[in-house]
Structure formats: structure tokens, C-alpha cells
Amino acid sequence: MNYWLMKSEPSVYSIWDLQREGQTLWDGVRNYQARNYLKAMQPGDRAFFYHSNADPPGIAGLMEILETQVVDPSQFDAASPYYDPKSGCADPRWYTVRVQFVAVLGRFLSLPELRATFTPEELEVVRRGSRLSVMPVSQTVAERVLALTTVSSQPL
DNA sequence: GCCAACGTTGGC
DNA sequence: GCCAACGTTGGC
């Protein structure tokens, strides 16, 4: 089981939106490295839900990867802001995952706090200028992150 | 709202 | 394949 960190702007889609909906398709990722990480995910993996462009930015929740290797349908939708006219149905360019809500953290972990706790080598999101929206998190760092907050256990 | 950092595009 | 121009991300 691997851990990941996935960013979303809460004004667009927040951890509370996921809590209400239970699960969602993580569509709209249009960066090749982030897509490669999405492709590497396996069902049962866990991911931290990171609120970007928030006040303060930071880790807000936890989710589980439900379904992988999903073709992102928004790339074919001309009305979508994520439409990619260069992607064809025969050879889709963008893949994503379906995620399941697990928990809202009992205490959010702000970016300043993460910076104070982890080096850029340990946790890529604290790196200056880090723009990747999906990134891996090592088991040890994930456990240290979880130890900093409270996560009410929710049956899935 | 600003702007630094970064990714992508396209001319050559 | 280089690189300047441009667009986007995201912290502050």
C-alpha cells in the first residue's frame, strides 16, 4: 500500500465536498508527471487531500484510491475546461483515479507546519515552487504526518 | 493582486 | 534540439 498527496483548490473542490459525495473521479490533471503518478496508483492506496490556494494551504484530509487506470472523460468534452483537442479516444492521453473519502483531519496541517517538520527531500510539497498536483509520499513520512493530527477511523 | 517558479508551445 | 514567449500554479 502506497501513500500519495493530491492537491485541489477548496474553492473548486474541497475535502468537505468529498465527504458529502463519498467518492469522486479525480479529473482534470493535465501534467504528464502527475499523470504518471496517477497511473502508478493501485486500489487500496491512500492519499492525503491537500488544499492549495487556501488560507492556509495544507493537508486537510485522507482518502483511499478506489479505481485506477480510468480514462479521464473530461479530455473529450469540448465544453469542459479540461478539454484536450489533441487527445483521441483510440489513444487517450489523460488517465486518472476514482477516490473514496476516508476522513477530514482532526487538525489541518498547514504548509508552514509541514515546512517546519519535513525537509524538501522528505516531502516534495514543501519544496519551493512545487507545482506538481500529484506526488508520492513515503511510508515513514505518511506515518509521521498522521501522527501530527487525529484521524477518526471511518469504515469504508 | 503580485510574481516567482515551472511547464508547454512553436518558430527556427 | 534550442530557447524565447507564453500560460499556469500557487504561496504570500
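Chain letters run A, B, ... following the sequence lines, proteins first and then strands; every chain starts at 1. Model, not experiment: these values are computed from the prediction. Quick note: numbers below take in every heavy atom, side chains included, and nothing from hydrogens, waters or symmetry partners.
- Between the NZ atom of Lys7(A) and the P atom of dT9(C) there is a distance of 11 Å, given to the nearest Å.
- Atom CZ in Arg35(A) sits about 15 Å away from atom P in dG7(B), given to the nearest Å.
- Between Tyr37(A) and Leu132(A) there is a side-chain heavy-atom pair separated by less than 4.5 Å.
- Closest of all the heavy-atom pairs between Arg107(A) and Leu148(A) is NH2-O, 2.7 Å.
- Taking atom CG on Leu111(A) and atom P on dG11(C), their separation rounds to 6 Å, with Å as the unit.
- Using a 4.0 Å heavy-atom cutoff across all strands shown, Arg127(A) reaches no nucleic acid atom at all.
- We find that Asp84(A) and Arg93(A) are joined by a salt bridge, their nearest charged nitrogen and carboxylate oxygen being less than 4.0 Å apart.
- Under 4.0 angstrom from either OP1 or OP2 of dG11(C) there lies at least one side-chain N or O belonging to Tyr50(A).
- Listed for the Ser133(A) side chain is no donor-acceptor partner under 3.5 Å among the backbone atoms of Lys7(A).
- When the C1' atom of dT8(B) is taken as reference, atom CG of Asp84(A) falls 12 Å away, rounded to whole Å.
- The cluster map of Ile, Leu, Val, Met, Phe, Trp and Tyr, joined by side-chain heavy atoms under 4.5 Å apart, puts Met63(A) and Tyr13(A) in the same cluster.
- When only modelled atom types and interatomic distance are considered, Asp77(A) and Ser74(A) share no side-chain donor-acceptor pair under 3.5 Å.
- To the nearest angstrom, C1' of dT8(C) lies 14 Å from CG of Leu132(A).
- Spacing between atom CZ of Arg93(A) and atom C1' of dG7(B) amounts to 14 Å, rounded to whole angstrom units.
- With distances taken from any side-chain atom of Asn31(A) to the nucleotides dT8(B), dG10(C), dG11(C), the minimum falls on dT8(B).
- Atom NZ of Lys86(A) and atom C1' of dG10(B) are 9 Å apart (whole Å).
- Between the C1' atom of dT9(C) and the CZ atom of Arg30(A) lies a distance of 16 Å, rounded to the nearest Å.
- Judged purely by atom type and a 3.5 angstrom limit, Glu64(A) has no side-chain atom pairing as donor or acceptor with the backbone of Ala47(A).
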Heteroatom pairs (N/O) under 3.5 angstrom, protein to nucleotides 3-5 of chain B:
unit_1: dA4(B); atom_1: O3'; unit_2: Arg128(A); atom_2: NH2; d: 3.1
unit_1: dA5(B); atom_1: OP1; unit_2: Arg128(A); atom_2: NH1; d: 2.4
unit_1: dA5(B); atom_1: OP1; unit_2: Arg128(A); atom_2: NH2; d: 2.9
unit_1: dA5(B); atom_1: N3; unit_2: Arg131(A); atom_2: NH1; d: 3.2

